[in-house]
Amino acid sequence: MGTFQAFIDPIRDRKSLSVYKFSHVNRLIFDGKDERIIGVEYTRHGRQKIAKATKEVIVSAGSLNSPKILMLSGIGPKEHLESHGVRIMFN
């Protein structure tokens, strides 16, 4: 059973769920006050967009892309992120 069949298909008719094909997440968006993630910045058909969440953001991009998204968002080893010019979100 794949991810879609196990997790998305049973709830795909919910109004609170949006699934966009042909989309690539660039980074997570933080609120800046209490270090909460409030949405994602993504690219779809060559256009950069933002999707905001009212409750939660689930990062589920596999064992390679989930850490990549976190690191592009400033979450990860400080020295490694700074060497690539990524702004650190947490000290």
With rounding to the nearest 0.5 angstrom, report the [atom1] to [atom2] distance, [X] to [Y].
X	Y	atom1	atom2	result
R36	I29	CZ	CD1	13.5 Å
S66	M71	OG	CE	13.0 Å
I8	S60	CD1	OG	7.5 Å
I38	E56	CD1	CD	15.0 Å
F30	R87	CZ	CZ	9.0 Å

Measure across [X] and [Y] and return the closest heavy-atom pair with its distance rounded to 0.1 Å.
X	Y	answer
S73	L28	OG-N, 2.7 Å
S23	R44	OG-CD, 3.2 Å
P67	L64	CD-O, 3.4 Å
A61	I69	CB-CD1, 3.8 Å

Point to revise | Stepwise side chain to side chain contact (heavy atoms under 4.5 Å, CB included) check, K49 with E41 | key: CA-CA 6 Å; K49 299 181 178 203; E41 175 188 286; over 6 Å; no
[X] with [Y], same ILVMFWY side-chain cluster at under 4.5 Å:
X	Y	answer
V40	I50	no
F4	I11	yes
V59	V25	yes

>> As a quick check of understanding, evaluate ring pair (Phe, Tyr, Trp, His ring centres under 6.0 Å) for H24 and Y42, giving each step before the final call.
In response: CA-CA 5 Å; H24 177 80; Y42 67 99; over 10 Å; no
For the backbone of E79 and the side chain of E82, can you confirm whether one donor and one acceptor N or O come within less than 3.5 Å of each other?
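Not at all, since once roles are kept as given, no pair shorter than 3.5 Å links the two residues.
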request  = Could you tell me which residues satisfy side chain to side chain donor-acceptor pair (under 3.5 Å) with D9, sequence neighbours excluded, listed by chain and number?
outcome  =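 Testing D9 for side chain to side chain donor-acceptor pair (under 3.5 Å), a comparison that skips the adjacent residues, returns R12.
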